[in-house]
Amino acid sequence: MTPREVAALLAYVVRLDPRMNIDDQAAAADRLAQWCDLLSDVPATAHGWDAARTARDYIARNPYRIQPSDVSRPWHAHKADMMRRHVGTFEPTAHPEINPDDETGDAYVAALRAERAAVATGQRAPDTHRAITAGPAAQQVQRRLAALGEYMPRTVKQALAAHRPHRAARERLAAEGLPDPLDVPCPYEHCRADRGQSCRNHRGTPRSPHPTRAEAATAAHYAQEPAA
């Protein structure tokens with residue numbers, strides 16, 4: 001939440017529980033700063049989430065004065081539930097900008113991670129098996145597939161996975177939200193493989209990513225991950 005949103009939340013809390021009112025301006029400013037710090041990674045509203053409603057429910061059910069953690073804890077529990085229910089299934093018709101002939105898989109990886117980040121921050125609902133295989137969402141997919149054509153049915157993609165192990169492995173890492181060493185160039189001085197290219201040994205033969213590349217990818221991945 002922004003400082004303005006936190007201030008609005010505090011004003012709402014004071015209206016519901018007058019005991020939270022502070023007359024001393026310095027003390028009120030200190031409390032606002034504390035709440036801003038502790039709620040900086042909590043949205044005011046998101047998919048299935050409303051901080052004001054959470055505060056109201058707490059005040060209605062508890063005799064104790066509300067603390068910022070009484071808002072942040074439910075948000076992180078809600079976020080964890082969203083990520084647990086998100087299956088990470090990639091729907092190509094939702095990404096017409098991706099070139100299906102791009103063998104690097106970079107666009108796939110970026111799209112999967114963007115979807116996961118959107119779910120983690122509450123910008124979109126999680127994709128569940130039910131939403132994909134039944135109901136209005138599935139019907140909409142079928143209509144779009146009929147209009148556009150599916151360039152690679154899932155059964156074909158699964159059959160090809162054994163013949164494209166590197167791409168299949170990258171898609172699996174992206175779907176599971178794990179670091180992908182090929183997302184970064186290899187820093188090993190005797191390799192220096194470019195981003196998206198496999199590492200090579202001293203004979204020039206492709207090999208598994210060098211340890212320093214795996215470490216660099218892990219650091220880069222968690223540096224851009226939404227806060228838990």
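Model, not experiment: these values are computed from the prediction.
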Practice prompt. Decide yes or no on side-chain contact (heavy atoms from CB on, under 4.5 Å) for V71 and L39, but give the supporting numbers first.
Written response: CA-CA 8 Å; V71 178; L39 299 180; 4.1 Å; yes
Worksheet item: Does V14 share a hydrophobic cluster with V6, counting links as ILVMFWY side-chain heavy atoms below 4.5 Å and allowing steps through other members?
Response: yes
Discussion item. Hydrophobic clustering (ILVMFWY, side-chain heavy atoms < 4.5 Å, transitive) - are I22 and L16 grouped together?
Written reply: no
Discussion item. Does L38 form a side-chain contact (heavy atoms from CB on, under 4.5 Å) with Q67? I'd like the steps, not just the answer.
Written reply: CA-CA 10 Å; L38 294 174; Q67 300 297 320; over 6 Å; no
Between [atom1] on residue [X] and [atom2] on residue [Y], distance to nearest 0.5 Å:
{"X": "D24", "Y": "R31", "atom1": "CG", "atom2": "CZ", "result": "11.0 Å"}
{"X": "I66", "Y": "D17", "atom1": "CD1", "atom2": "CG", "result": "9.0 Å"}
{"X": "N62", "Y": "D70", "atom1": "CG", "atom2": "CG", "result": "7.0 Å"}
{"X": "T45", "Y": "R53", "atom1": "OG1", "atom2": "CZ", "result": "10.5 Å"}

Worksheet item: Is the number of heavy atoms from other residues, nucleotides or ligands under 6.0 Å of R19 CZ greater than 12?
Response: yes
Name all residues meeting the side chain to side chain contact (heavy atoms under 4.5 Å, CB included) criterion together with [X]; count only those two or more places apart in sequence or in a different chain, and write none if there are none.
{"X": "P3", "value": "C36"}
{"X": "D30", "value": "none"}
{"X": "A52", "value": "L9, Y12, D50"}

Item to complete: Look only at the side chain of S69 and the backbone of S72, and say whether a donor-acceptor pair between them is shorter than 3.5 Å.
Response: no
Item to complete: Evaluate the side-chain contact (heavy atoms from CB on, under 4.5 Å) criterion for residues R200 and T205: first the C-alpha distance (whole Å), next the side-chain angles of each, then the deciding distance (0.1 Å), finally the verdict.
Response: CA-CA 5 Å; R200 295 182 178 274; T205 305; 5.7 Å; no
Fill in: All pairs passing ring-ring contact (aromatic ring centres under 6.0 Å, His included) where residues 42-65 contributes a residue, at least two apart
W49-W75
Worksheet item: Residues two or more places apart in sequence or in another chain: which of them pass side chain to side chain donor-acceptor pair (under 3.5 Å) with N21?
Response: D23
Practice prompt. Test side-chain contact (heavy atoms from CB on, under 4.5 Å) on R56 and I59 and set out the steps.
Written response: CA-CA 5 Å; R56 187 192 70 79; I59 294 171; 5.9 Å; no
Heavy-atom pair of closest approach, residues [X] and [Y]:
{"X": "R213", "Y": "Q197", "value": "NH1-O, 2.8 Å"}
{"X": "C199", "Y": "C186", "value": "SG-SG, 3.7 Å"}
{"X": "P209", "Y": "L182", "value": "CG-CD1, 4.3 Å"}
{"X": "V13", "Y": "A55", "value": "CG2-CB, 4.1 Å"}
{"X": "N201", "Y": "R207", "value": "N-CG, 3.6 Å"}
{"X": "A51", "Y": "P43", "value": "CB-O, 4.0 Å"}

Fill in: Sequence neighbours excluded, every pair satisfying side-chain hydrogen bond (donor to acceptor under 3.5 Å, both in side chains) that has a member inside residues 184-195
none
